[in-house]
Amino acid sequence: MSAEPMTVFLKLCAAAFYGVSSFFIVVVNKSVLTSHRFPSIIFVGLGQMLATVTLLWVGKACRVVNYPDLDCSMPRKVFPLPLLYLGNQMTGLLGTKKLNLPMFTVLRRFSILFTMIAEGILLNKSFTRPIQMTVFAMLLGAFIAASSDMAFDSLGYGYILTNDVLTAANGAYVKQKLESKELGKYGLLYYNALFMILPSLAIAYFTGDLQRAIEFEGWSNGMFVFQYLLSCIMGFVLMYSTVLCTQYNSALTTTIVGCVKNILVTYIGMFLGGDYIFTWTNFIGLNISIAGSLVYSYITFTEEQTTKTSSSTTETKGKITV
């Protein structure tokens, strides 16, 4: 297989891996936090951090993966990603618990707008008018859906919109850190989680979350324990797939894949969790937002391919001239 088709194949695999991982962790977290009524968001996050650190440490010990050793310069190299990671994780889990899945996913589309802003500021990228119009359609659909959300929760909305901002900033900074090649993808994953374990544990202790988690009666339920452990492992898998997709593609492509995945989550979420209340206005708004995300994904993909073709043609002409 030649280099170009191989590169395209790796990009598609990275995007598909992220999409599947992102879908499964939303469904599993929703089951743990809503169906089983697990009381501690932070304890779920802690489990995901510990799973990430443990798996990568074992991987390095077995020489399967490699990343730089811990030194005094590491906090400076990785900052502000650990803070963004913790905030992103906690607001995402809180939003999952507070909102039904259709509204959770439609509000996540604001992350595209925020990603565009973040990439414009940090990576000096610009976006065409068609992309801007499709983003407007997605946000319009979200506003229409929210206007008749019978299960409206202001805190849940606040959590998800904050999560959108943090997701956008995290994606842009990950791309920036990967391009510097100081840590590599495994170093970013490992130190992101490692530096936030103790602060998260302290927060869980002082807020009473740790005590509530320990006293939770569901620990005797085998299905809950299985889903909790699956959530911990999927937390690592999602982090890895996010970095991988961003490395092979871009922060914006990662966001697009997440939004396409959300189409499936939106429709399944109407039946999963038992907290979605159907109204026609809400349903129409959801579908307007979904249609916008599909057109957006198509335009972004075709523009990216056109740009690459143009660059390749220019390079070939340059070589012929020489």
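Everything numeric here is computed off the predicted structure, so don't read it as measured data. Each residue takes its place number in the sequence, starting with 1.
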Interatomic distance, CD1@Ile42 vs CD1@Ile203, rounded to 0.5 Å, equals 5.5 Å

*Residue pair Met138 / Val135, side-chain heavy-atom distance below 4.5 Å*: yes

Salt bridge (Lys or Arg N to Asp or Glu O under 4.0 Å) pairs touching residues 47-75, sequence neighbours excluded, are Lys60-Asp69

ILVMFWY cluster, Leu286 and Phe143 together (side-chain gap under 4.5 Å) = yes

For Pro82 and Met196, the nearest pair of non-hydrogen atoms, with its separation, is O-CG, 3.2 Å

Phe216 ring center within less than 6.0 Å of Phe224 ring center:
yes

Among the clusters formed by ILVMFWY side chains lying less than 4.5 Å apart, do Tyr205 and Ile214 turn up in the same one?
yes

Might you work through the side-chain contact (heavy atoms from CB on, under 4.5 Å) test for Thr167 and Phe114, ending with a clear yes or no? CA-CA 8 Å; Thr167 297; Phe114 298 138; over 6 Å; no

To the nearest 0.5 Å, atom CZ of Phe43 lies from atom CD of Gln211 at 11.0 Å

**Q.** 4.5 Å side-chain heavy-atom contact, Arg212 and Asp209
**A.** yes

| said: Is any side-chain heavy atom of Tyr159 closer than 4.5 Å to one of Asn163? | reply: no

When every non-hydrogen atom of Ser200 is compared with those of Leu46, the smallest separation belongs to CB-CD2, 3.8 Å

Q: Compare all side-chain heavy atoms of Leu188 with those of Tyr67 and state whether any distance is below 4.5 angstrom.
A: no

Met234 side chain reached by Ser21 side chain, heavy atoms, under 4.5 Å: yes

query = Do Met74 and Phe195 come within less than 4.5 Å of each other through their side chains, counting heavy atoms only?
reply = yes

So CZ of Phe236 and CG of Leu238: to nearest 0.5 Å the spacing works out to 11.0 Å

Output for pair (Leu189 CG, Leu81 CG), nearest 0.5 Å, gives 10.0 Å

Value for CD (Gln48) from CG (Asn29), rounded to nearest 0.5 Å, stands at 5.5 Å

Does one hydrophobic cluster hold both Met133 and Ile131, with members joined at side-chain heavy-atom distances below 4.5 Å? no

Heavy-atom count check: over 12 atoms from other residues, nucleotides or ligands less than 6.0 Å from Trp219 CH2?
yes

inquiry  = Could you see if Tyr191 belongs to whatever hydrophobic cluster contains Val64? Use Ile, Leu, Val, Met, Phe, Trp, Tyr and a side-chain cutoff under 4.5 Å.
reply    = yes

Taking every heavy atom of Ala193 against every heavy atom of Val53, the minimum-distance pair comes out as CB-CG2, 3.8 Å

So His36 and Ser31, side-chain contact (heavy atoms from CB on, under 4.5 Å) or not? Walk me through it. CA-CA 6 Å; His36 291 285; Ser31 180; 3.8 Å; yes

Partner of Tyr240 under ring-ring contact (aromatic ring centres under 6.0 Å, His included), picked from Tyr190, Tyr18, Tyr186, is Tyr186

ask   = Stepwise, does the side-chain contact (heavy atoms from CB on, under 4.5 Å) test hold for Trp57 with Thr54?
value = CA-CA 5 Å; Trp57 184 85; Thr54 303; 5.8 Å; no

One should read off an interatomic distance between Leu86 CG and Asn170 CG, to the nearest 0.5 angstrom, of 11.5 Å

Are there more than 12 heavy atoms of other residues, nucleotides or ligands under 6.0 Å from atom CZ of Phe24? no

Within the 4.5 Å heavy-atom criterion, are Val165 and Leu161 side-chain neighbours or not? no

Tightest non-hydrogen contact, residues Ala213 and Ser40, listed as CB-CB, 3.8 Å

Of all heavy-atom pairs linking Ser231 and Ile25, the shortest is O-CD1, 4.3 Å

Residues Tyr228 and Gly47: closest non-hydrogen pair is OH-CA, 3.8 Å

